[in-house]
Amino acid sequence: MVTSNAQLRAVLFEKLRLHELCENKKLPKTISKQQQSTSEAALLQLQHLHPLPKIILEYRQVHKIKSTFVDGILSCVKSKNYISSKWYQTSAVTGRISAKHPNFQALPRQPLQIRKKQCIQGKEEDVVTVHPRDMFIPQEGWTFLAADFCQVELRLLAHFSSDPELLRIFTNPQADVFTMLASQWKVMSVDEVTPEDREHAKRIVYSVVYGAGRERLSGILGVSTEHASRFQDSFLQTYREVQTFIQRTIQQSHKKGYAVSLMGRRRNLPNINSPDWGLRMQAERQAVNFVVQGSAADLCKMAMITIFNLVSSSSSLSARLLAQLHDELLYEVEDSQVEQFAALVRSTMESLQHIHHLGVHLKVPLKVAVSIGKSWGSMSDLHTPPSVSQTPSSSFPTPPPPP
DNA sequence: CTAAATTCC
DNA sequence: ACCAGGAATTTAG
């Protein structure tokens with residue numbers, strides 16, 4: 001079977017013995033059993049030695065789509081006559097929301113290009129592109145509206161660390177952070193940075209701050225481990241206070257046995273003082289990650305609930321929440337109310353920078369990107385109306401009575 | 001690096 | 001027929 005990694009391993013390393021042909025590069029091993037890995041990283045290294053690895057990689061991509069996002073979603077529709085995810089508010093340790101049956105959060109964002117087989121005798125083209133999110137469209141007379149916190153976790157990291165360099169980036173913004181960093185690293189002008197470059201920069205930043213080793217980083221960065229090691233040194237040197245924040249968080253976790261989010265939520269870390277080095281290091285990374293990712297989850301839930309309350313108490317506004325994609329809220333709103341709702345959502349989310357009755361005062365401004373569209377796949381930015389962004393209205397609900 | 005769900009063996 | 005765990009994919013920071 002093409003889908004069997006055990007059999008693939010047998011063919012690749014016992015029959016063809018490809019690992020002996022590339023001793024210069026070390027191939028990844030599986031975590032638990034220390035076998036030869038058949039992961040993407042391993043197959044990419046082997047693709048020049050034999051045609052099979054590339055075929056497997058292509059197969060895996062289309063098979064994932066077919067089995068999960070076509071057959072999988074179809075089976076979700078069959079049991080009912082409609083399609084709707086189940087949303088879980090308490091299943092994720094960080095406090096993020098998760099979805100099942102189907103998992104809308106993992107629906108492919110990028111369009112997929114699939115080459116047709118020659119034997120089909122394609123009269124038209126031999127590549128077909130699929131936009132999975134384009135399948136979802138709003139009801140007649142309504143439009144999708146997505147509100148997204150811009151770089152939440154990085155902003156929260158700037159807040160927690162008080163790193164002057166990182167704070168400066170957000171307090172006087174010149175361009176998008178990740179496009180800026182991408183242009184610096186790849187030595188190119190800001191408008192030459194492609195969306196792929198930006199995503200790449202984003203992955204690198206989060207990998208470094210959440211404690212990626214040089215092995216892992218070199219894989220993402222596409223350079224040698226030595227170069228990756230130097231890169232992470234220079235990164236943590238430019239943002240020194242980030243490093244002290246990481247150390248402080250780990251130290252406190254060791255003392256308390258748990259990590260705390262922005263709004264006081266805890267995550268217990270049983271292995272934080274484990275004698276096992278591997279487990280202890282993992283718990284330390286989880287501590288740092290929880291403070292940032294968990295705080296982002298706090299903000300998103302606050303935004304969701306606050307907007308829900310505002311819409312509920314409004315007699316004229318018609319808007320429904322369709323999904324929560326991590327730090328993004330997806331709504332369906334009546335065509336005539338798009339502008340009004342966009343302004344409300346934006347000011348509500350940005351006002352979460354200061355939540356006075358909870359004692360939350362972020363040192364960085366929160367920025368929200370609102371986009372609208374007639375399908376989930378093709379949503380375009382809705383520009384900030386200057387009047388709204390200048391005056392953040394007090395749209396927050398009244399504080400609860402003191403205890 | 002972290003956090004999910006899903007599919008396959 | 002069912003379940004457990006691992007390895008691989010997608011997504012999100």
Enquirer: Contact class for A/K100 vs. all strands (heavy atom < 4.0 Å): base, sugar-phosphate, or nothing?
Expert: sugar-phosphate
Enquirer: Rounded to the nearest Å, what distance is computed from the NE2 atom of residue A/H63 to the C1' atom of nucleotide B/dT6?
Expert: 11 Å
Enquirer: Counting the atoms with a prime plus P, OP1 and OP2 as sugar-phosphate, which does A/A296 contact under 4.0 Å by heavy atoms, base, sugar-phosphate, or nothing?
Expert: nothing
Enquirer: Any idea how A/F136 and A/F104 line up, ring-wise: parallel (<30°), tilted (30 to 60°), or perpendicular (>60°)?
Expert: perpendicular
Enquirer: A/E284: which residues meet the side-chain hydrogen bond (donor to acceptor under 3.5 Å, both in side chains) condition with it, sequence neighbours left out?
Expert: A/H254
Enquirer: A/Y239: which residues meet the ring-ring contact (aromatic ring centres under 6.0 Å, His included) condition with it, sequence neighbours left out?
Expert: A/F235
Enquirer: Looking across every strand, which nucleic acid part, if any, lies under 4.0 Å from A/A297 by heavy atom: base, sugar-phosphate, or nothing?
Expert: nothing
Enquirer: Show me, pair by pair, the donor-acceptor contacts under 3.5 angstrom made by side chains of residues 186-193 of chain A, not counting sequence neighbours?
Expert:
from	atom 1	to	atom 2	distance (Å)
A/K186	NZ	A/D197	OD1	3.2
A/S189	OG	A/D191	OD2	3.4

Enquirer: Look at all strands and tell whether A/E284 reaches a base, only sugar-phosphate, or nothing, counting heavy atoms closer than 4.0 Å.
Expert: nothing
Enquirer: Take the protein atom CG of A/N289 and the nucleotide atom P of B/dA3, then report the distance between them rounded to whole Å.
Expert: 6 Å
Enquirer: Near DNA chain B, counting only heavy atoms under 4.0 Å, which residues of residues 200-212 of chain A show up?
Expert: A/Y206, A/S207, A/Y210, A/G211, A/A212
Enquirer: Counting any heavy atom closer than 4.0 Å, what does A/Q293 reach on the DNA or RNA strands: base, sugar-phosphate only, or nothing?
Expert: base
Enquirer: Does a side-chain N or O of A/R267 approach OP1 or OP2 of B/dA3 to a distance below 4.0 Å, or not?
Expert: yes
Enquirer: When the side chains of residues 81-91 of chain A are checked against the rest of the protein, which donor-acceptor pairs come out under 3.5 Å, sequence neighbours left out?
Expert:
from	atom 1	to	atom 2	distance (Å)
A/S85	OG	A/P102	O	2.5
A/S91	OG	A/S98	OG	2.9

Enquirer: Measure from CD on A/Q105 to C1' on C/dG13 and round the result to the nearest Å.
Expert: 12 Å
Enquirer: Would you mind reading off the distance between A/L221 atom CG and B/dC1 atom C1', rounded to a whole angstrom?
Expert: 14 Å
Enquirer: Do any side-chain nitrogens or oxygens of A/Q286 fall under 4.0 Å of OP1 or OP2 in B/dA3?
Expert: yes
Enquirer: Measure the distance from CD1 on A/I220 to P on B/dT2 and round it to the nearest whole Å.
Expert: 11 Å
Enquirer: Do any side-chain nitrogens or oxygens of A/H101 fall under 4.0 Å of OP1 or OP2 in B/dT6?
Expert: yes
Enquirer: Between A/F144 and A/Y331, is the ring centroid distance below 6.0 Å?
Expert: no
Enquirer: Between A/R96 and C/dT11, is there a side-chain N or O to OP1/OP2 distance below 4.0 Å?
Expert: no
Enquirer: Would you say the side chain of A/K64 and the base of B/dT6 hold a donor-acceptor pair, judged only by whether the two atoms sit under 3.5 Å apart?
Expert: yes
Enquirer: In whole angstroms, how far is the P atom of C/dA12 from the CG atom of A/L330?
Expert: 13 Å
Enquirer: Distance check needed: C/dT10 P versus A/E199 CD, whole Å only.
Expert: 14 Å
Enquirer: Output yes when at least one side-chain N/O atom of A/S98 is less than 4.0 Å from OP1 or OP2 of B/dA5, else no.
Expert: yes
Enquirer: Between B/dC8, C/dA12, C/dT10, spot the one nearest the side chain of A/R133, thanks.
Expert: C/dA12
Enquirer: Measure from the side-chain heavy atoms of A/R216 and tell me the nearest of C/dA12, B/dT2, B/dA5.
Expert: B/dT2
Enquirer: Check the angle between the aromatic planes of A/H361 and A/H354 and answer parallel, tilted or perpendicular using the 30° and 60° thresholds.
Expert: tilted
Enquirer: For A/Q324, enumerate each residue passing the side-chain hydrogen bond (donor to acceptor under 3.5 Å, both in side chains) test, keeping only those at least two apart in sequence or located in another chain.
Expert: none
Enquirer: For A/L107, which contact category applies under a 4.0 Å heavy-atom criterion: base, sugar-phosphate, or nothing?
Expert: sugar-phosphate
Enquirer: Between A/R285 (CZ) and B/dA3 (P), how many Å, whole number?
Expert: 9 Å
